[in-house]
Amino acid sequence: ACGLLGLLCVAVHAQVWKDFLKLPNSTSAREHLRQLTSRPHLAGTPGDLWTAQYVASQFRAYGLEVIDSSYDVYLPFPVSARLRGVPPFQYEAVLKETAFPEDPSTSDPDVTPTYNGYSPSGTVSGEVVYANYGRAEDFAQLAALGVSVAGRIALVRYGAIYRGDKVAQATIAGAIGVIIYSDPIDGVAMNGTSPAETYPNTKWLPSQGVQRGSIFEGFGDPLTPGWPSPEPGQTAERITVSDPRALLPAIPTQPISYGDAGPILAALRGTPAPSGWQGGLSFPYHIGPGPISVELTVTSNNTIASVHNICAYINGASEPDRMIILGNHRDAWVFGAADPNSGTASMLEVARSFGILHQQGWTPQRTIMLCSWDAEEAGTIGSGEFAERNRQLLDERAVVYLNVDTSVSGGDFLASAMPSLDDLIISASKLVPAPAPLTGTLYDEWIQESGGRPPTLGRLGGCGSDYCSFVCHLGVPSADVRFEADDDGYPMYHSVYDDFRWMDLFGDPGFVRHVTIAQLWGLLAIDIADSAVLPFNYSRYAAETLGYIRDTDTLLASAGAPASVSTLPMYEAQARFAAAAQAVNQKMAATLAHLHPYAGSIVQAGQHAGSHPRPSELARTAFRLAARPLNDQLMKAERAMLTLHGLDGPAEGPARSWYRHVIYAPAAANNYGSTRFPGIVDAAYWAQGRPASDDRWTEVQHQVWVVARALDSAARVLNGNIV
């Protein structure tokens, strides 16, 4: 049997898979990563431009057509920072990561200073309040304890939510500045904090390690919200930095190490830290306020700079205007061995392997594009501007988006996708060999990691990587695959120690998982590019939305929703969506059966080149015409989940018109997390505890109808009838 969902079971096609799986190579992947991490490459710097040129040169060497899609965008650059105690508190933060002789990269003079991207410049001074993870509920708990952060500096730890949301919540609570640190207990130094227990001797973060990161609350270039930034040298409309639409942070913010955080936390008094707030340092935590005060000075140089998306492609033989897009970002806060360049190395192995197959005569039926995005770390800027510049073309042509950010930061395989792609990913994992020295398949390893249970895929919709624009803004079926740590530990995240030595010794010795990701990633692309009928299963999607509706009932009950708020419209629309999904599955099977008599001609007719026969023009035309209407329905059904006006809800909430997907998107208070029915969740948050007559409950009901209309729209697309 061919094995993958929806593929025509022809021997030549199966041979393409087999030939492809032999090609990605650990030695080559290792060399790519060594080159990519040879210098710091923050977006907009000379090091970043060098990596763009390296990737482009590799794509060309593999015989692919290359496009440099460049933009002038507003980027954050650090100048200096200082954190010191206000007398009588004697304290001076180091704010610099320790260089180790065992790892020459850590002594590179171009190492990016520790900073939070887009922090405004300024000096603030005040008492310190420890606010746990900086979530809305953490600040609410402080208020319940009688502790205010107004006019004070909030000390929060990384984890739980996006760092920019921590700053936003602190600003709402009245803080004048934020300090963010990595606590040892949060997957940072799980085996202890002594030198023997941390890097360079183990994989764990040393005491002066710092997580850099953006605190921008938006997506894409902050100064061109909703429209594309210009090419270098061109002019464009830009809003001002102070415009609320820019969603830039308002208060100075600085990341620090747990070594720098320790003296502050140890000096705090006041109420003992509530249950769940104690971290991994060796003393009891208190929340303050004070009695200590600190002075924080941040100097930033946020300015316009050029970024470069490097895209390569192989034109499709039958449907060149239908695109399978593979994406990985290339820019890093410092060296980026795991995040993101493990993914870049895997992508280059996919490109090299595709180039070999293409030289041997294989051409995908649909166009395959590989995109090396820039400026993801600042705010998914490269992919966001690409999406905004090409919105109309992508709406017509993008079949699927397959993302890899960090391909390897540990040993456990994880996949996230839209539900329509679950079966495809699971089936493909059964063909990919498990990384050495394991035997069997990737699926076997996945099952073992799941405790013998069928694997569960995560859901996209958060905006922690470049799939965000394709899911939340464009409605393109998308997936993301990776290996992560099995002990909650990717401790080097955004630090100087995420470098080649760490990856070579601790992250992926032998680079076997880099190869596994390349094999899976490329196999998915080949399958979708060459399938006569797109291998999407919307019955899974329909079943999952039913569960979300039931969860919504629970949410609304806990929020105290009045009887006037009803989810019945969603139940009725979901039933129609499920029926349409079942009907389209039957139509897919019938179409495949119809194509089968001449399926062989598609792969066997025409001139042979090497081991992979090329279809004749007549066969390609038959392929395109026979299945294209059905494939368009399958491609466009995800677009039906978009709402025209975005997720703007109650006036109290943030402006969220850029996020248009009503099933999956971030919640307003956590830009990293994927929330089901985000419009309903946000509206219920603002309505909870209000009387039944409050207009906020009307907004909740409106959001219920928004979801119901989206499900009905998806059903109509799958049915393919205009009524």
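Side-chain atoms are counted along with the backbone in the values below, which use heavy atoms only and exclude waters and symmetry mates.
- Classification of the Tyr541-Phe577 ring pair by plane angle, with boundaries at 30° and 60°, yields perpendicular.
- Using a 3.5 Å distance cut-off with no hydrogens or angles, the side chains of Asp466 and Asn403 do not pair a donor with an acceptor.
- Annotation: the span from Tyr467 atom OH to Ser478 atom OG amounts to 10.0 Å, rounded to 0.5 Å.
- Using modelled atom types, no side-chain atom of Asp527 and backbone atom of Leu523 make a donor-acceptor pair closer than 3.5 Å.
- Judged by distance alone, the side chain of Lys636 and the main-chain N or O of Asp395 form a donor-acceptor pair under 3.5 Å.
- Ring pair Tyr62/His32 is perpendicular by interplanar angle, where above 60° counts as perpendicular and below 30° as parallel.
- Classified by interplanar angle (parallel below 30°, tilted 30° to 60°, perpendicular above 60°), the ring pair Tyr443/Trp446 is perpendicular.
- When the options Tyr490, Trp333, Tyr493 are evaluated for a side chain to side chain donor-acceptor pair (under 3.5 Å) with Asp498, the one that passes is Tyr490.
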Take Arg459 and Glu544, measure what salt bridge (charged side-chain N to carboxylate O under 4.0 Å, His left out) needs, and give me the verdict at the end.
CA-CA 11 Å; Arg459 293 293 165 241; Glu544 203 146 317; 2.5 Å; yes
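- Seen from the ring of Phe500, Arg34 does not count as a face-on cation partner, given the 6.0 Å and 45° thresholds.
- Note that CD of Glu396 and CG of Asp321 are 9.0 Å apart. Values are rounded to the nearest 0.5 Å.
- In this structure, Arg330 forms no cation-pi arrangement with Trp373, as its terminal cationic atom is not both closer than 6.0 Å to the ring centre and no more than 45° off the ring axis.
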